[in-house]
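Some notes on the structure that comes next.
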Amino acid sequence: MKKLLDLIAQELVPAFEKAGYDASLARVSLSNRPDLCEYQCNGAMAAAKQYKKAPIMIANDVVANLAESTMFEKVTAVNPGFINMKLSGAYLADYLRKMQADEDLSVEKAKEPKTIVIDYGGANVAKPLHVGHLRSAIIGESLKRMGRFMGHKVIGDVHLGDWGLQMGLIITELQKRQPDLVYFQDDYTGEYPEEAPFTISDLEEIYPTASKKSKEDESYKEEALEATRQLQIGKPGYRALWDHIMKVSVTDLKKNYGKLDVSFDLWKGESDAQPYIPDMVQKMKDEGFAHEDQGAYVVDVKEDTDTKEIPPCIIVKSDGASLYATTDLATIVERMKLYHPEQIQYVTDKRQEMHFIQVFRCAKKTGLVSDDTKLSWLGFGTMNGKDGKPFKTRDGGVMRLENLIKEINDEMYQKIMDNHEIDPEEAKETARIVGLAAIKYGDLSNQASKDYVFDIDRFTSFEGNTGPYILYTIVRIKSILNKYQASGEDSQAGQIGVAANASEKALMLELSKFNSVMEGAFEEMAPHKICSYIYDLSNAFNRFYHETKILSEEDAQQKASWIKLLVLTRDVLESCIGVLGFDAPERM
Ligand code: ARG
C-alpha cells in the first residue's frame, strides 16, 4: 500500500498545477506543530522566489483548489505560507481498514528482492561470550529480521573468530597438562578419538590461564605462536584438537545465542576463508595492486578526497602471515562465490571503523566485488555501566553474557512476583520473555553508534521508554480482546470506523505511519526508529484506553469498531517487536 504521506502529496499535485505551480512543490511532511494540524506542506515557501510572489498568496491559490477534496477535514493557508492539513476521519478510517485487510499490514515488500549477507555476532571461539558481543548479536539479529520483513533474502553469518592465537594457546596449555595425548605424538597414524579431551568448563578455565601465562612468560608465548602456525599449516594432531575445540565451543555458543533468540544461517568463521587467501593474494600481486613495503605486501587505499590519513591495507605481513584484513577480504571472495550477494552488511564495535574502510576500499579497488555490490558497516558504541565506564561485574571483572541475562531475569521475576499473585513457574517463563525484551529494547532504542548506559533498574521498569512498557501495552490489549471474546463476541466482526474522539484519532494517525517507519528504518539500518515508533504508538494507545470505556460501551457497532482498532494496534506492535527480536507473553 502507498504511504499516507505520498497519497496526500498526490492529492496536492493537481491543486498546485491548476494554480500554475510546479508539481514538485507538493511535498508533504508530518506537522511540526501537532497542536495546529496533522500534516503540512511548505511548497509555497519554496515557490516564492521562483514565481516572485508572496508565499501566502501561493498557499491561498493551492488551498482554494482543494475545496472539493474529501481527503481533508480542514486545509488552511497560514502565514507566512504554510499549508496546514487535517485528514478527514472517514479517509483515515478507510486507510486503516485497507491496512488491516492487507496481509503485510500496508508494508510494500521489495519489488526486486536482494540477497544480503549480514555478518554479526562475531564471537571468538573458546573465549567466553561477553557483553561486548551482545550488541553485535542484538543489532545484527534485528537488521536481519528487518531485511526479511521487507522481502529480501537475508543470510546471517556468525563469522566466528576461530583461527587466531587463542587456538594455539589452548593447544599449548593442553600439551603441558596432558603430554601423553595422541594429538601430541608426531608418529601417531591412527584415528583420533571422537570424544574431546576437555569439556566447555575446562576450556573456560584453560584459555584464561594460558593467556595469562603467555603474557608473563615469553617462551610460553613463543610456543603458543608456533602451535598456532603449526595448526594453520595443517598439523594433523592439532587439526584434530581444533575440531574438538570448535565442536565444544559452538555447542555452547548456540546455547547462548539461543537464549538471546539470535540465530544464524551460517556458522562460518575466519578459518573458512583461509583456502581463498593464496590465490587472492597472488592475483593482487600479479595485477599490481599489492606492492612490497618493508617486506610486507600492501594495497594503497587512500583517495584524493580523504580528510584524514587512510593507511594502506596490509595483505601479507613481513613474516608471510596473513592478518585480520586478509581474512576479511578472503571472506568476501568466498561469499561472492557461494552466495552472490548484492550487499554485505557488517555489525561490529565502532572502533573497527578504519579496518572496514580499508577492507571495503581494497575489495572494490582490486575487483573482489563489482561497483554495484554494496559493502556496508554499522559501528556500534560501547555498553557502559552506570559509572559511565565500559560495563563490568560488581567485582570489576568482564561480565559474562549468561550472568547478565540471569541478573535481568532475576530482577524481572521479582517484579512480576511482587506485582500480583502468579504461579512461580509461569512467572519464571514470563520473566524470561520480558527480561529479553528489557535487554534488547534497552540496547536497540539507542542510536546504534552511540554509547549507552546499561541500567537494569531502568530497563526492567514497566513505565517509560522500555521493553517491558511496550509488552505491558500489548498484554493489556490482548486482555481486552480476550474478555471481549469470552463474552461471546467475535473480535473480527466489526470494521474500524471514524474516530470518536481526539485520542482515538491520534492513535489512528500513529497506526497509519507503520509502512513508512518500517521502510525508513530498514533503509537507514536503524532499529531505534522502530523503537521510538512503538513507544509513541503505545503512548497513543494508552491515552486512548484511559479515555475510552471500551468494554462497557453500549453501542455494539462502536464497540466492535474499537475492538478492530485494538486488533490492528496489537498486530502492528507485535510485528515491530518481532522485527526487533523479542516476543510478548500472554500475561504479565
Ligand atoms: N571476532 C571479531 C571480534 O571479536 C568480530 C568479527 C567481525 N566480523 C568481521 N567480518 N570482521 O572483534
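Since this is a predicted model, take the numbers as computed values, not measurements.
The pair E334-K268 counts as a salt bridge, with a side-chain nitrogen and a carboxylate oxygen less than 4.0 angstrom apart. A salt bridge links E141 with R145: at least one charged nitrogen is closer than 4.0 Å to a carboxylate oxygen. The residues R361 and E303 are annotated as salt-bridged, a charged nitrogen and a carboxylate oxygen being separated by less than 4.0 angstrom. Between R335 and D119 a salt bridge is recorded (basic side-chain N to carboxylate O distance below 4.0 Å). Salt bridge K386/D457: present, at least one basic N to carboxylate O contact under 4.0 Å. The pair R177-E205 meets the salt-bridge criterion, since a charged nitrogen lies less than 4.0 angstrom from a carboxylate oxygen. Using a 4.0 Å cut-off between charged nitrogen and carboxylate oxygen, E309 and K302 do not count as a salt-bridge pair. Ion pairing between a basic and an acidic side chain is recognised when a charged N comes within 4.0 Å of a carboxylate O; E223 and K176 show such pairing. Using a 4.0 Å cut-off between charged side-chain N and carboxylate O, E510 and K513 make a salt bridge. Salt-bridge check for D162 with K247: failed, with every basic side-chain N at 4.0 Å or more from each acidic carboxylate O.
With a 4.5 Å cut-off on side-chain heavy atoms, Y183 and Q175 do not count as touching. In this structure, the side chains of K3 and E519 come closer than 4.5 Å at one or more pairs of heavy atoms. A 4.5 Å side-chain heavy-atom check between M383 and P390 finds every atom pair outside the cut-off. Under the 4.5 Å side-chain criterion, counting only non-hydrogen atoms from C-beta, F198 is in contact with I245. Using a 4.5 Å heavy-atom threshold, the side chains of V262 and I138 count as separate. Side-chain contact between K350 and F380: absent, with no pair of heavy atoms (C-beta onward) separated by less than 4.5 Å. Side-chain contact check for I315 versus V298: every heavy-atom pair is 4.5 Å or farther apart. Looking at heavy atoms from C-beta onward, T460 lies out of side-chain contact with T466 at the 4.5 angstrom threshold.
The side chain to side chain contact (heavy atoms under 4.5 Å, CB included) test with V281 singles out one residue from L329, D286, V316, and that residue is V316. Partner F454 forms a side chain to side chain contact (heavy atoms under 4.5 Å, CB included) with one of I408, N384, D443 and no other, that one being I408.
Enclosure of atom CD in E112 is not indicated, since only 12 or fewer non-hydrogen atoms of other residues, nucleotides or ligands lie within 6.0 angstrom.
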For a side chain to side chain contact (heavy atoms under 4.5 Å, CB included) check, start with the C-alpha distance between L573 and S538, then their side-chain angles and the critical distance, and finish with the verdict.
CA-CA 8 Å; L573 285 172; S538 296; 3.9 Å; yes

Go through R135 and D349 one step at a time and tell me if the salt bridge (Lys or Arg N to Asp or Glu O under 4.0 Å) criterion holds.
CA-CA 8 Å; R135 297 211 70 190; D349 189 305; over 6 Å; no

M336 vs L368, test: side chain to side chain contact (heavy atoms under 4.5 Å, CB included). Steps then yes/no.
CA-CA 8 Å; M336 293 315 290; L368 302 187; 6.0 Å; no

Worked verdict on H159 versus D272 for side-chain hydrogen bond (donor to acceptor under 3.5 Å, both in side chains):
CA-CA 9 Å; H159 197 74; D272 291 285; over 6 Å; no

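Residues T327 and W163 bring no donor and acceptor atom of their side chains to less than 3.5 Å of each other. No side-chain N or O of D328 forms a donor-acceptor pair with one of T331 less than 3.5 Å apart. No hydrogens or angles considered: a donor-acceptor pair under 3.5 Å links the side chains of N465 and Y441. No side-chain donor-acceptor contact under 3.5 Å links E407 and N409. Between S214 and S211, the side chains place no donor N or O within less than 3.5 Å of an acceptor N or O (distance only, hydrogens not considered). Q343 and S376 are linked by a side-chain donor-acceptor pair at a separation below 3.5 angstrom, with hydrogens and angles left out of the test. Counted by atom type alone, Q230 and E226 present one or more donor-acceptor pairs between their side chains at under 3.5 Å. Under 3.5 Å, the side chains of Y220 and E173 contain a donor-acceptor pair of N or O atoms.
For K365 and F289, the positive end is not near the middle of the six-membered ring at less than 6.0 Å and at most 45° from its axis. Cation-pi check for K235 over W242 is not met; the charged atom does not lie both under 6.0 angstrom from the ring centroid and within 45 degrees of its normal.
The aromatic rings of F264 and Y120 are tilted relative to each other, their planes meeting at an angle between 30° and 60°. Taking the six-membered ring where the residue is Trp, Y238 and F184 present perpendicular rings, their angle passing 60° and hence far from 30°. Using cut-offs of 30° and 60° for the angle between ring planes, the Y346 and F356 rings count as tilted. The aromatic rings of H355 and Y324 sit parallel, their planes meeting at an angle under 30°, below the 60° perpendicular limit.
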